[in-house]
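As the structure lists them, so they are numbered: ligands from 1, and atoms in each ligand from 1. Owing to the predicted nature of the structure, the values given are computational and were not obtained by experimental measurement.
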Amino acid sequence: MFQPAITGSGVFTPDAVITNEELVTAYNAYAERQNAANAGAIARNEVAAMPLSSAEFIVGASGIERRFVLDKTGVLDPEIMHPVLPERTDDEPSVMAEMAIKACNLALAAAGREAAEVDLVICAASNHERAYPAIAVEIQDLIGAGGFAFDMNVACSSATFGIQAAADMIRTGSARRAIVVNPEICSAHVEWRDRDCHFIFGDVCTAVVIEREEEAKGPHFRIRSTRCATQFSNNIRNNNGFLRRTRTTGQDLPDQRDMQFMQNGRKVFKEVLPLVSAHILSHLEDEHLSADNIHRLWLHQANKSMNDFIGKKVLGRTPEAGEQPNILQDYANTSSAGSIIAFSQYSQDFAPGDLGVICSFGAGYSVGSVLVERV
Ligand code: CO8
């Protein structure tokens, strides 16, 4: 058996930023247009008026101030209300693979490794731009890695579940050096015309290099252990899928709202919090550790109040500055990439022996935790 370690991480951040104010201006312009167009039906109570959004609500309810996206012009155009990403030919790199190359190269540079030394690529994300061939195999080809590659999807927990899969394969010897990469294009999946969720997501790509600790070229994070858990819930759901076209005889599909991100946010908030806190605490207990031994929690980045609650529950007190860093104010929810951005940005100050937990949670429900030690 070999000891796996995270030896490098990288974050690719798109250039375009949308502030809450820009987002609300665009959404409200769209809603007012719709209301004007439907004025008669609204007056006859046949159609409900679209409610307006507010930047104050967004920051108060979530802590999110802005988000990065691949394309902001389409999202902010009330005539369009979604990102515009031109179609690519089959000979061009896919959008996810293009983002992934950038994050993989940053992670490889941090590990001091060449792509040719990698023999496992896992593309772990909450959506994949096509069914096959796997995006991971395309990434493997584009960066020049060897071995094998596959896609996996556990929604917001894809990265931690991917780390567990890679760490287990390195431990047993079926892979020697892995990249787990998380290209998240949430902007193409969220419904920007729905005020309940239009503010939640952003785009990013993260990557980590995992290899045998004995081969690490510099300071690294030993993966002491991992824990993954799932419990079925419909409270975060997307019904897009290949069977969709079999349910109609016409070209136009009926009600397409559920082909985008859907959630019952309040229920998610209430149900996921106890699940995550108990998960982290039992993971620590299994390792004969208490919260006092943990220097930092790199949590999934969905909601500031959620993270405040989990931090308090796990540590048994209000976390001190730096013990539970949030990046969601700048990135919003980037699905599986969130906890990895936090880890990548807030881990280099660790001293040898310091312990931390990367923890993701989300649709499924799913929870994944990775206990790491600085070496
Ligand atoms: N502006 C003004 N008012 C608003 C807005 C808005 N934008 N949105 C909602 N309101 C109103 C509501 O209509 C409601 O009004 P009323 O009381 O009159 O009915 C009121 O504000 C309160 O609404 P909510 O109860 O919905 O507000 P909350 O305080 O619950 O906050 C949150 C909403 C922020 C969504 C919160 O519930 C939350 O963060 N929940 C947890 C959600 C979560 O973590 N989900 C994880 C999803 S991510 C995941 O699992 C990955 C999925 C796959 C990736 C998908 C990629 C796109």
Side-chain angles (χ1 to χ4, degrees), residues 20-21 23-28 30-31 48-65 67 69-70 75 82-83 96 124-129 152-161 182-205 230-240 257-276 299-310 326 328-329 331-339 359-368:
N20 288 347
E21 290 70 22
L23 186 70
V24 166
T25 301
Y27 168 86
N28 286 351
Y30 170 79
M50 287 191 74
L52 299 186
S53 185
S54 105
E56 296 72 35
F57 171 86
I58 294 170
V59 78
S62 67
I64 297 165
E65 296 170 20
R67 71 282 296 142
V69 288
L70 290 183
V75 172
H82 59 75
M96 284 179 75
S126 55
N127 260 301
H128 290 89
E129 125 182 37
M152 58 184 283
N153 177 352
V154 201
C156 287
S157 293
S158 300
T160 51
F161 278 54
N182 323 106
E184 293 287 6
I185 312 176
C186 302
S187 67
H189 183 52
V190 70
E191 178 52 84
W192 297 95
R193 295 170 299 183
D194 180 344
R195 80 160 182 169
D196 288 354
C197 68
H198 76 129
F199 57 89
I200 294 181
F201 292 103
D203 301 337
V204 80
C205 182
T230 48
Q231 179 183 304
F232 186 65
S233 166
N234 278 318
N235 285 325
I236 311 170
R237 190 167 172 124
N238 173 298
N239 284 334
N240 201 4
R257 177 62 189 89
D258 66 339
M259 293 173 76
Q260 315 301 333
F261 168 83
M262 304 271 289
Q263 79 163 348
N264 185 336
R266 272 282 156 97
K267 276 197 173 166
V268 173
F269 199 103
K270 281 198 187 126
E271 293 174 7
V272 165
L273 286 181
L275 206 65
V276 175
L299 297 179
H300 175 51
Q301 302 285 316
N303 183 298
K304 182 178 180 308
S305 315
M306 252 175 150
N307 285 3
D308 288 348
F309 180 97
I310 294 166
N326 282 334
L328 58 85
Q329 63 281 3
Y331 282 87
N333 183 340
T334 50
S335 195
S336 72
S339 57
C359 181
S360 64
F361 43 88
Y365 297 133
S366 57
V367 193

Closest to atom 48 (S) of ligand 1 (judged by heavy-atom distance), picking from S335, P51, C156, G338: C156
Ligand 1 to N127 polar contact by distance, N or O atoms, under 3.5 Å: no
Nearest candidate to atom 28 (P) of ligand 1, where distance is taken over non-hydrogen atoms, out of K304, Q301, R266: R266
Option set H189, E184, Q260, criterion heavy-atom distance to atom 55 (C) of ligand 1, minimum: H189
Interfacing atoms of ligand 1 (cut-off 4.0 Å, heavy-atom, S126): 53 (C), 54 (C)
Region of D196 engaging ligand 1 - heavy atom pairs below 4.0 Å: both
4.5 Å side-chain heavy-atom contact, C359 and V276: yes
Distance-only N or O hit between ligand 1 and F199, under 3.5 Å: no
Contact bool for atom 18 (O) of ligand 1 (protein heavy atom, d < 4.0 Å): no
Within-cut-off N or O pair, H300 and ligand 1, under 3.5 Å: no
Heavy-atom nearest neighbour of atom 8 (N) of ligand 1 within options F57, Y27, Y365: F57
Atom 45 (N) of ligand 1 touched by protein heavy atom at under 4.0 Å: yes
Test item: Q260 and V190 side chains (from C-beta on) under 4.5 Å apart, heavy atoms: no
Any protein heavy atom nearer than 4.0 Å to atom 25 (O) of ligand 1: yes
Rounded distance (nearest 0.5 Å) linking atom CG of D203 with atom OG of S335: 11.0 Å
Backbone or side-chain N or O of G265 under 3.5 Å from ligand 1 N or O: yes
Min N/O separation R195 to ligand 1 under 3.5 Å: yes
Winner among L52, N238, N264, N303 once heavy atoms are compared against atom 39 (O) of ligand 1: N303
Protein contact for atom 14 (C) of ligand 1 (heavy atom, distance under 4.0 Å): no
Atom 5 (C) of ligand 1 protein-contacted (non-hydrogen atom, under 4.0 angstrom): yes
Mutual orientation of the aromatic rings belonging to H300 and F361 [parallel < 30°, tilted 30-60°, perpendicular > 60°]: perpendicular
